[in-house]
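Whatever order the structure lists ligands and atoms in, that order sets their numbers, starting from 1.
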Amino acid sequence: MSTSRKPQGGTTRRGFLSAAGGAALAAGAIRPAVSAGPENLPPNVPGWSRYLGSGVDAYPYGQPSSFESHVVRRNVAWLTASVESSVNFTPLHELDGIITPNGLCFERHHAGIAEVDPSDYRLMINGLVDKPMIFTLDDIKRFPRTNKIFFLECAANSGMEWRGAQLNGCQFTHGMVHCVMYTGVPLKLILEEAGLKTNAKWLMVEGADAAGMNRSVPLDKALDDCMVAFKMNGEALRPEQGYPLRLVVPGWEGNMWIKWLRRIEVGDQPWHTREETSKYTDLLENGKSRRFTWAMDCKSVITSPSPQAPLLHKGHNILSGIAWSGRGTVDRVDVTLDGGRNWRPARIDGPSFDKAVHRFYFEFDWQGESLLLQSRAIDSTGYVQPTKDELRAVRGTNSIYHNNGIQTWHVRGNGEVENVEVS
Ligand SMILES: Nc1nc2c(c(=O)[nH]1)N[C@H]1C(S)=C(S)[C@@H](COP(=O)(O)O)O[C@H]1N2
Ligand SMILES: [Mo]
């Protein structure tokens with residue numbers, strides 16, 4: 001499935017500030033949609049209460065309900081020149097809590113999904129080490145393990161929105177992020193096993209896919225919190241996510257999280273590979289480029305209501321969204337219903353882990369007025385998520401990567417939601 005490019009592509013919508021109505025914030029009563037009349041009482045019971053269901057062996061590997069079959073990763077046709085070098089997006093508008101189910105984690109491949117046989121898998125460590133080593137997967141699994149929940153965001157997430165509102169749905173504007181629990185080995189332990197030479201300063205990490213994708217990682221980060229992970233959410237990594245082993249680089253851009261990791265070379269300077277020179281750099285107005293923009297800045301998005309999740313009821317409604325920061329936890333999320341005139345704190349609910357997705361909620365009353373919804377996250381360093389205009393003032397209009405600007409959704413009187421920009 002795919003969406004087509006929307007006709008409003010590239011346009012910036014202005015003038016909403018004066019049009020926005022102030023929303024009543026007192027939560028109204030929830031009026032049930034179904035009455036308690038006799039037509040809803042026995043003997044009028046549905047089929048599922050009258051017949052036996054399928055047995056325990058019907059689904060050896062469980063699947064979501066068939067009524068949830070629309071909850072899938074989707075791509076954007078005009079961003080998909082070839083499926084092997086492309087991206088699809090997490091259906092954020094259908095999810096809740098902080099964990100992304102394995103089958104819904106967005107995928108980004110440069111040369112398709114490598115099909116690696118774990119019995120033939122090897123991880124090589126070479127370069128500035130005392131003992132170059134080659135590990136099997138079983139060797140890796142004999143190191144002490146750790147379990148950590150982290151988000152992974154592609155640096156190009158929201159990149160199509162730099163010049164104005166474009167894609168209609170948070171799945172497409174913000175769906176290059178997922179958050180799972182990784183089980184693996186601290187990279188530090190593996191490097192220590194090989195023994196680092198005193199002049200070791202950088203790593204070159206390389207994938208076993210046909211792209212042989214590689215990046216330079218500073219040694220300080222590798223020794224701090226990087227992991228090699230073999231499980232996500234308790235089960236083996238999915239092939240799409242790098243089975244049998246991927247690098248985890250907490251808080252840093254997804255491109256560095258090498259999948260199907262096959263080699264780590266230790267050196268004394270960065271390699272300046274394709275993925276950190278012609279790609280994953282940001283061209284500024286003065287013709288210079290930002291390089292090594294590793295950390296993902298604090299960001300948030302309202303996932304419901306959103307273009308794929310319109311408002312269906314007048315009265316009491318739940319607004320929800322996610323927030324994350326590559327520099328720590330998210331301390332606060334503010335929400336506005338009127339395009340930024342009035343901000344109120346949202347309620348962060350669920351665990352708050354370092355460099356992981358946080359879930360927020362905001363209950364509000366809606367009587368059919370036009371709304372301009374925005375969320376603004378503040379992380380544990382005190383950094384405040386900027387507006388898109390604030391970002392462009394510093395970075396210009398040539399960027400793709402690292403767009404963490406505030407997203408606006410326009411709710412129409414009929415409950416439909418569209419991607420807009422206010423200034
Ligand atoms: N070997 C290899 N690793 C890779 C890639 C790749 O194409 N090959 N893509 C990178 C990019 S650009 C991103 S954003 C993340 C995506 O991870 P995911 O597919 O688990 O979402 O993997 C990174 N690791
Ligand atoms: Mo990426």
Identify, by atom number and element, the atoms of ligand 1 in contact range of [X], meaning under 4.0 Å from any of its heavy atoms.
| X | value |
| --- | --- |
| Cys154 | 14 (S) |
| Trp257 | 22 (O), 23 (C), 24 (N) |
| Glu240 | 19 (O) |
| Trp260 | 1 (N), 2 (C), 8 (N) |
| Gly207 | 1 (N) |
| Asp209 | 1 (N), 2 (C), 6 (C), 7 (O), 8 (N) |
| Phe106 | 18 (P), 19 (O), 21 (O) |
| Leu152 | 17 (O) |

| note | Judged by heavy atoms only, the candidate from Arg246, Glu107, Glu253, Lys259 nearest atom 20 (O) of ligand 1 is Arg246

| request: From atom 7 (O) of ligand 1, work out which of Arg108, Gln241, His110 has a heavy atom at the shortest distance. | output: His110

Looking only at protein heavy atoms, which one is nearest to [atom], and how far off is it?
| atom | result |
| --- | --- |
| atom 5 (C) of ligand 1 | Met213 SD, 3.4 Å |
| atom 23 (C) of ligand 1 | Gly254 O, 3.3 Å |
| atom 12 (S) of ligand 1 | Tyr280 OH, 3.0 Å |

| message | Is it the case that ligand 1 has an N or O less than 3.5 angstrom from some N or O of Ile258? | response | no

| query | CZ of Phe143 to CE of Met227: how many Å apart, nearest 0.5 Å? | reply | 13.5 Å

| From Lys288 atom NZ to Asp282 atom CG, the distance as rounded to the nearest 0.5 Å | 15.5 Å

Looking at [X] versus [Y], is the centre-to-centre ring distance below 6.0 Å?
| X | Y | result |
| --- | --- | --- |
| His272 | Phe292 | yes |
| Tyr280 | Trp294 | no |
| Tyr121 | Phe135 | no |

| Among Gln385, Arg376, Gln374, the one residue meeting side chain to side chain donor-acceptor pair (under 3.5 Å) with Asp334 | Arg376

| said: Please confirm whether Glu153 approaches ligand 1 to less than 4.0 Å, judged on its heavy atoms. | reply: no

| field | Glu240/Arg73 ion pair, N-O < 4.0 Å | value | yes

| field | Glu206 bridged to Arg215 by N-O distance under 4.0 Å | value | no

| remark: Note: Phe89, heavy atoms under 4.0 Å from ligand 1, region reported as neither

| query | Between Ile98 and Ile322, is a side chain to side chain contact (heavy atoms under 4.5 Å, CB included) present by the stated rule, with each step listed? | reply | CA-CA 8 Å; Ile98 67 165; Ile322 53 172; over 6 Å; no

| Should the pair Arg246 and Trp260 be classed as cation-pi, given the thresholds of under 6.0 Å to the six-membered ring centre and 45° from the axis? | no

